[in-house]
Each structure stands twice: as C-alpha cells, then as structure tokens.
Amino acid sequence: MRFAAIADVHGNHLALEAVLADVRAQGITEIINLGDMASGALDARRTMDILMGLDAVHVLGNHDRYLIDRPVEKMGSWDRPAYAQLDVAHLDWLRAIPATRVFNDEVFLCHATPASDEIYWLEAVHADGTIATATLETIEAVAEGIEQPLVLCAHSHIARAVRLRDGRLIVNPGSVGCPGYRDRHPYPHVVQAGTPDARYAILEQSAGAWSVTFRHVPYDHEAMAALALRNGMPELASALATGWIR
C-alpha cells in the first residue's frame, strides 16, 4: 500500500496544485486529506473546488468545522474571509465529512487527536511559548484504543513522525499551504516552518511495516504572500513568503 497524505491547505490553491502535481509525478493515485481546507485570507473557493474534485479520502479539520457549526458573526478572522467565498454546495460537502475514519482497515485518520480537533498530539507548548515534541507517554495515552498500525494527524502544521513502543507509527505530514501562524492556546506561541515550501508525506507499507517520506515542494509562494497581504493578513504573508512570522 502506498499513498499520499496532505493537510492544512488553508485556501492556498497554488500550493495544493503543486503538491498534487508532485504526487502524480511519484506515481501515487491514492490521497488522504486531513482537513483545514479553506480557512485563511487566500482563495477558499478555488481550493475547495479542487479538493471536491479529487478522488480522495477526507476528514474534517477544526477550521472546516468552524465554517459549518456557527453563525458568521461568531467566526474567527481566518474563517470569515473563507466563508464569504463559499457557496451552499461547498458547505454541504463539508457537512458530510467525518471527524475521524479508518482507511483500508490499516490507517486511523484524524485532524488533531481522536477526541479533539483543536489539541496538538505530537507537540507540547510550554508556558514561555516554546514548542517541543510531546513526551512519549503523553502521545501513547492519546493513542490508547487505536488498533491500526498507522495513525495520521495534522493541525500543528509541523511535519513529524513518532514510533510508539508497540510499533505503531503516528505521522503528521505538515502543512500544504500555511508554513507559519500565531496561536494563543494553550499558551501564546508561534509555529514557523522556516521555508515557504508546500509539504506533504508519502506513506508506504512494505513487508507489513509502514515507512514515511516527507516531501517539500517549491511553488509560487510569492503570489500567495501577495494575496495574503492584499487581504489584510501581513503575518500570514510573511509566513508564505519566507516560512517565518515577522
């Protein structure tokens, strides 16, 4: 079994198109999308049209949920611009997507953790804002009850793989379209990829064991940075242009 995992596109259609082209160049036909598809001050409509046209397996992200579970006046600054670009067909499509699912009996899928779409699984944020890999004990506690040998998550935008002591592999493919952001929970912190490339992962099963290859794909990130700046999000523009929040 061999497939591609994408996540956290956040309305960046150029990054998504570049990743899909790279996936095809690798001879891969199966794609899993781990959510957070549209929200952000970029091109939500075009991104959603591309994703809805894919023969892919999707799970819902927290920002996808925000687009369908609350009135627009309760939405955040990343969700309101996306919502304004979407129509009923896009929103109805999101409503039909589950928060978790199992792929081919072998792979457990979620956006953040099995129980929450808003909590980092593989990372710990400290009170001073630094981000580190979560402890193995914490990661394993969240994985309790999952029987599949491969587990995919996203949400933190940080490409990472953790092998549990029982052999299960947990993988975050990184973010296709958003290499940096600022958040306040559980403490104020900044995520910075350090490069503007689009990211995804290739998962492969051989002789019963799973392996992961992380891919960094160049694309016209300056065009998306310019769009973010025009749409009033200078920090996102900085992340898209450089991979850093400035």
Side-chain angles (χ1 to χ4, degrees), residues 1-38 40 42-43 46-48 50-51 53-59 61 103-104 106-112 120-123 131 133 148-163 168-181 191-207 209-225 236 239-244:
M1 194 188 311
R2 185 168 181 255
F3 64 89
I6 67 173
D8 295 293
V9 179
H10 282 289
N12 189 335
H13 71 95
L14 291 184
L16 176 60
E17 289 167 347
V19 162
L20 294 177
D22 194 75
V23 169
R24 289 191 292 270
Q26 305 304 312
I28 296 172
T29 58
E30 291 189 293
I31 298 173
I32 286 174
N33 168 31
L34 299 170
D36 274 10
M37 307 175 209
L42 299 175
D43 198 326
R46 190 175 304 185
T47 300
M48 287 293 293
I50 295 170
L51 290 170
L54 286 180
D55 182 14
V57 176
H58 306 273
V59 295
F103 173 64
N104 282 357
E106 285 277 331
V107 190
F108 182 88
L109 312 177
C110 63
H111 176 68
Y120 297 154
W121 191 346
L122 305 183
E123 291 79 30
I131 302 172
T133 307
Q148 288 72 30
L150 177 63
V151 180
L152 300 184
C153 65
H155 188 55
S156 70
H157 299 204
I158 299 171
R160 194 185 301 277
V162 173
R163 182 79 67 177
R168 285 177 294 170
L169 181 65
I170 305 179
V171 175
N172 183 328
S175 173
V176 169
C178 181
Y181 64 90
V191 171
Q192 303 173 103
T195 168
D197 295 344
R199 289 167 168 77
Y200 78 100
I202 297 172
L203 291 306
E204 185 167 7
Q205 188 185 46
S206 178
W210 284 98
S211 62
V212 58
T213 301
F214 293 107
R215 300 281 295 174
H216 289 202
V217 183
Y219 74 102
D220 188 3
H221 59 274
E222 292 288 356
M224 300 313 289
L236 177 58
L240 289 165
T242 68
W244 301 93

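These values consider heavy atoms only, across backbone and side chains, with no hydrogens, waters or symmetry-generated copies.
A donor-acceptor distance shorter than 3.5 angstrom exists from the side chain of N33 to the backbone of G35, with no hydrogens or angles considered. Formation of a donor-acceptor pair under 3.5 Å by the T47 side chain with backbone atoms of G11 is found in this model.
Residues W244 and Q192 approach most closely at CE3-OE1, 3.5 Å, considering heavy atoms. Across every non-hydrogen atom of G61 and H111, the tightest pair is CA-CG, 3.5 Å. When all heavy atoms of A7 and L34 are compared, the closest pair comes out as CB-CB, 3.8 Å. When all heavy atoms are compared, the tightest approach of A112 to C153 is O-CB, 3.5 Å. Contact record, D197 with H216: OD2-CB, 3.8 Å, taken as the closest heavy-atom pair. For V23 against A4, the heavy-atom pair with the smallest separation is CG2-CB, 3.8 Å.
Note that the CE atom of M48 and the CG atom of D43 stand 12.0 Å from one another [nearest 0.5 Å]. The line from CZ of R24 to CD1 of I28 is 12.0 Å long, rounded to the nearest 0.5 Å. Between atom CD1 of residue I170 and atom CG of residue L122 there is a gap of 6.0 Å, rounded to the nearest 0.5 Å. Annotation: the span from L150 atom CG to F103 atom CZ amounts to 10.0 Å, rounded to 0.5 Å. Rounding to the nearest 0.5 Å gives a distance of 13.0 Å between NE2 of H155 and CH2 of W121. A distance of 10.0 Å separates CG in L152 from CZ in F108, rounded to the nearest 0.5 Å.
Shown here are the salt bridge (charged side-chain N to carboxylate O under 4.0 Å, His left out) partners of E204, two or more places apart in sequence or in another chain: R2. Legend: residues meeting salt bridge (charged side-chain N to carboxylate O under 4.0 Å, His left out) with D22, ordered by chain and number and at least two apart, are R215.
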Side chain to side chain contact (heavy atoms under 4.5 Å, CB included) evaluation trace for D55 with I31 | CA-CA 8 Å; D55 182 14; I31 298 173; over 6 Å; no
Take E123 and I158 through the side chain to side chain contact (heavy atoms under 4.5 Å, CB included) test and state the conclusion after the steps.
-> CA-CA 9 Å; E123 291 79 30; I158 299 171; 3.9 Å; yes
Check against side-chain hydrogen bond (donor to acceptor under 3.5 Å, both in side chains), Y219 and N12 | CA-CA 11 Å; Y219 74 102; N12 189 335; 2.8 Å; yes
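Checked against a 6.0 Å centroid threshold, the rings of Y200 and F214 do not count as neighbours.
Inter-residue side-chain proximity for T242 and P196 is flagged as unmet; no heavy-atom pair is nearer than 4.5 Å. When side chains are defined from C-beta on, V19 counts as touching I6, because their heavy atoms get closer than 4.5 Å.
In this structure, H10 and H157 have tilted ring planes: the angle between them lies in the 30° to 60° band.
Pairs of residues two or more places apart, or lying in two chains, never qualify as salt bridge (Lys or Arg N to Asp or Glu O under 4.0 Å) while including a residue from residues 8-18.
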